[in-house]
Protein chains: 2
Amino acid sequence: MPVGTPGGRATIDDVAAAAGVSRAAVSKVLRGAYGVSDAMQERVKGAIEELDYRPRVSARAMRGSTFTVGVMIPHFGNQFFADVVDGAMAELRETSYQLILAPVDADHRRALEALYDRQVDGIVAISPLVAPDWLAALARKVPVVELGRHDRSDRYDTIVGDDAAGTALVMDHLLARGHRRVAHLTHIDGVRQSLGSTPHGIRRSGYEQAMTAAGLAGEIAVVEGRFEEEAAWRAMGVALDGGLAPTAVFAGNDDAALGVLRAIAERGLSTTDISVAGYDDARLASHPAIRLTSVNQDGREMGRRSAALLIERIGGRAEPVHEVLAPRLVVRDSTGRSAGEPADRPERTET
Amino acid sequence: MPVGTPGGRATIDDVAAAAGVSRAAVSKVLRGAYGVSDAMQERVKGAIEELDYRPRVSARAMRGSTFTVGVMIPHFGNQFFADVVDGAMAELRETSYQLILAPVDADHRRALEALYDRQVDGIVAISPLVAPDWLAALARKVPVVELGRHDRSDRYDTIVGDDAAGTALVMDHLLARGHRRVAHLTHIDGVRQSLGSTPHGIRRSGYEQAMTAAGLAGEIAVVEGRFEEEAAWRAMGVALDGGLAPTAVFAGNDDAALGVLRAIAERGLSTTDISVAGYDDARLASHPAIRLTSVNQDGREMGRRSAALLIERIGGRAEPVHEVLAPRLVVRDSTGRSAGEPADRPERTET
DNA sequence: ACGTTCCTGTAGATCGTTCTACGAATGGGA
DNA sequence: TCCCATTCGTAGAACGATCTACAGGAACGT
């Protein structure tokens with residue numbers, strides 16, 4: 001955009017007038033449609049350049065599509081979600097689709113509606129708390145791909161990590177190390193029956209099952225916080241001060257794990273006293289100052305894949321696709337470095 | 001949105017038909033305009049509810065405004081930027097404006113154009129690399145508030161931290177601790193003369209000035225990376241392996257500082273060997289596992305303030321506003337914990 | 001010379017809102 | 001009874017693109 005027109009915005013009519021052709025002709029050139037001579041092409045492109053003309057998406061939206069894809073993530077600053085966005089962006093790079101994000105402020109549905117109101121051609125969302133039938137209704141009007149939902153609607157596609165398997169990996173690891181007083185930090189939402197269908201719900205019940213199966217039902221201790229560093233830190237602090245004394249904590253995600261680590265460190269303890277494991281394997285987990293055991297989910301790949309599915313949906317696919325990705329445990333020092341073991345030994349992976 | 005209309009999307013005409021009134025009447029009710037009886041109000045609202053009608057933003061955009069504010073940040077996953085978005089969202093919460101984000105993929109201008117094409121009513125952007133006159137041209141067509149630009153256009157408002165002052169705080173601190181071989185990790189962009197006007201440019205030249213003023217011109221060592229953990233880690237690693245042996249590193253932001261810390265730790269060193277300071281004072285900097293000395297800029301407040309300025313601009317203000325925020329140094333263990341000093345002493349702040 | 005075909009370009013309807021200008025009641029005062 | 005205000009509601013023209021249907025002309029074959 002060179003220094004543009006002085007007053008308002010140039011329209012397709014301005015371009016047509018400047019090039020001495022009809023409005024329809026300009027539209028043809030813009031869309032690369034059939035029936036345009038080289039001479040006209042030339043003149044129109046010149047006029048577009050000169051007037052610094054850019055078609056309005058809103059006007060286009062009135063007929064047909066916006067070539068815009070909406071992405072909704074519940075929280076910025078979460079590395080995993082950022083990776084998802086990155087992946088989706090990479091997938092869309094070579095297409096004519098532009099990506100926009102709707103930030104979430106408490107109500108997930110409002111963000112989805114905001115995208116819908118703006119007539120995006122499709123939506124990629126991480127909104128595990130939204131009711132299935134509400135989502136199905138939305139998906140009837142605009143293609144939707146959901147990340148992290150365990151329900152299987154035939155109206156929207158889903159991509160989800162196998163949270164039960166991931167949780168089992170973590171719990172097996174901790175229990176194998178001899179831990180008995182294992183606590184869990186969960187994300188508490190306003191919704192009731194989300195236990196079986198949300199990632200945090202499944203991680204929580206997976207924890208409880210694993211404890212029960214190991215004969216440790218009596219040791220089950222769930223700390224209710226949120227999957228953000230600060231909230232988790234606060235909740236963990238309260239729990240510790242209230243007498244909770246676990247030897248290991250399974251935090252529902254890495255941000256929460258960071259909060260747990262903070263709470264522990266503030267009380268003069270370290271991961272040799274209380275082991276900590278997280279979930280997501282955000283980049284920071286591998287940082288030498290953190291060395292957090294975590295469950296790897298490839299956010300970038302998930303984002304990429306979800307964008308690809310969405311494009312298929314926009315292209316007309318009607319049959320639902322549901323993909324489940326296998327998680328991978330990455331063991332680091334935050335759990336069970338035995339005394340004397342070197343701190344910088346290579347990471348180990350279990351699938 | 002209850003389970004909605006079966007086929008396409010309900011329009012204002014559908015609502016009018018259902019309520020047995022004219023299209024104009026429905027529009028009046030929607031906008032809360034004058035000249036509506038209670039009875040009609042009632043009927044129309046009923047029909048809207050029943051049909052699950054939501055006005056299309058695109059159609060509204062054809063006449064007047066979209067009540068949408070666009071935000072552009074260069075990079076997700078950066079805590080500081082996330083705070084900015086959070087602040088802007090908080091400021092807009094009670095207004096009728098909705099916020100959308102455009103993610104950036106290499107070209108900052110493309111993201112800004114994407115927002116412009118979608119006819120947002122105003123733009124908040126962090127795009128220090130975009131040329132001033134290009135930005136001025138954009139700002140002539142849509143209100144723009146820029147964060148982190150040191151130029152003062154009278155077409156767009158700016159909010160910026162005093163990077164020169166912040167840099168001086170860091171450098172004074174490091175030099176006062178007796179460091180002489182202080183290196184700097186900068187962000188390298190494709191643009192030439194950005195030295196004097198971008199935050200990273202000013203931080204870099206501030207570093208060079210401070211070194212020169214201290215008679216250490218010969219010790220100046222600038223490592224060129226990017227302000228992301230991974231890129232900074234890589235660049236620092238190369239530099240260290242290439243023989244660079246500083247006693248302190250001033251990283252241009254906190255993400256970069258994390259990368260520096262990683263590179264150092266990987267080589268068997270710690271912050272007692274090489275002090276590290278960052279910039280932004282992201283939440284993570286205060287984490288007990290990191291304890292990074294940094295320069296605090298209140299991202300949330302900046303975001304809040306920029307949204308407020310934007311609303312003023314949209315409301316018609318023409319005179320430019322340029323605000324400069326004073327930074328504050330937060331000293332933590334990553335710089336100069338003297339041997340024997342306890343690790344958990346309270347943080348100190350210098351302004 | 002005439003008809004057919006192909007290639008370019010145009011007219012004009014259309015999408016879903018907003019909003020001005022106007023018409024139809026109603027009620028009150030004279 | 002008539003007139004004028006006031007109130008409530010409607011008709012219809014925008015807004016800026018897309019895209020179908022069509023018109024005009026050139027090229028070609030007979």
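Residue numbers begin at 1 in each chain, while the letters A, B, ... track the order of the sequences.
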Contact list for DNA chain C against residues 27-45 of chain A - heavy-atom distance below 4.0 Å: A:Lys28, A:Tyr34, A:Gly35, A:Val36, A:Ser37, A:Met40
Within residues 56-66 of chain B, residues whose heavy atoms come under 4.0 Å of DNA chain C: B:Arg56, B:Ala59, B:Arg60, B:Met62, B:Arg63
Listed partners of A:Ser58 passing side chain to side chain donor-acceptor pair (under 3.5 Å), at least two apart: B:Gln119
Pairwise 5' ranking along DNA chain C for A:Arg23 and B:Ala24, keeping only the more 5' one: A:Arg23
Please give me the minimum heavy-atom distance between [X] and [Y], naming the atom from each residue.
X        : Y        : result
B:Ile126 : B:Pro74  : O-CG, 3.4 Å
B:Thr95  : B:Glu91  : CG2-O, 4.0 Å
A:Glu146 : A:Tyr156 : CG-CD1, 4.1 Å

Ring pair (Phe, Tyr, Trp, His ring centres under 6.0 Å) partners for A:Phe76, two or more places apart: B:Phe76
Partner residues of A:Phe80 under the ring pair (Phe, Tyr, Trp, His ring centres under 6.0 Å) criterion, sequence neighbours left out: none
Pairwise ring-ring contact (aromatic ring centres under 6.0 Å, His included) hits with a residue in residues 90-114 of chain A, at least two apart: A:Phe67-A:Tyr97
Contact list for residues 32-63 of chain B, test ring-ring contact (aromatic ring centres under 6.0 Å, His included), sequence neighbours left out: none
List, one per line, each side-chain donor-acceptor pair under 3.5 Å for residues 299-309 of chain A, sequence neighbours excluded.
unit_1	atom_1	unit_2	atom_2	d
A:Arg300	NH1	A:Asp86	OD2	3.4
A:Arg305	NE	A:Glu323	OE1	3.1
A:Arg305	NE	A:Glu323	OE2	3.0
A:Arg305	NH2	A:Glu323	OE2	2.8
A:Ser306	OG	A:Met302	O	3.1
A:Ser306	OG	A:Gly303	O	2.8

Polar contact flag, side-chain donor to acceptor under 3.5 angstrom, A:Ser197-A:Asp151: no
Sub-4.0 Å heavy-atom contacts from residues 11-18 of chain B onto DNA chain D, ordered by number: none
Between the first and last five pairs of the helix from C:dA1-D:dT30 to C:dA30-D:dT1, the angle of the axes, rounded to 10 degrees: 60°
Segment of DNA chain D, first to last nucleotide, that comes within the 4.0 Å heavy-atom reach of chain B: D:dT7 to D:dG16
Cationic tip of B:Arg109 above B:Tyr116 ring, under 6.0 Å, 45° of axis: no
Inter- and intrachain pairs under side-chain hydrogen bond (donor to acceptor under 3.5 Å, both in side chains), touching residues 35-47 of chain B, at least two apart: none
Exam field: side chain A:Arg60 to backbone A:Arg56, donor-acceptor pair closer than 3.5 Å: no
Salt bridge flag under 4.0 Å for residues B:Asp117 and A:Arg9: yes
B:Arg110 atom CZ, over 12 foreign heavy atoms within 6.0 Å: no
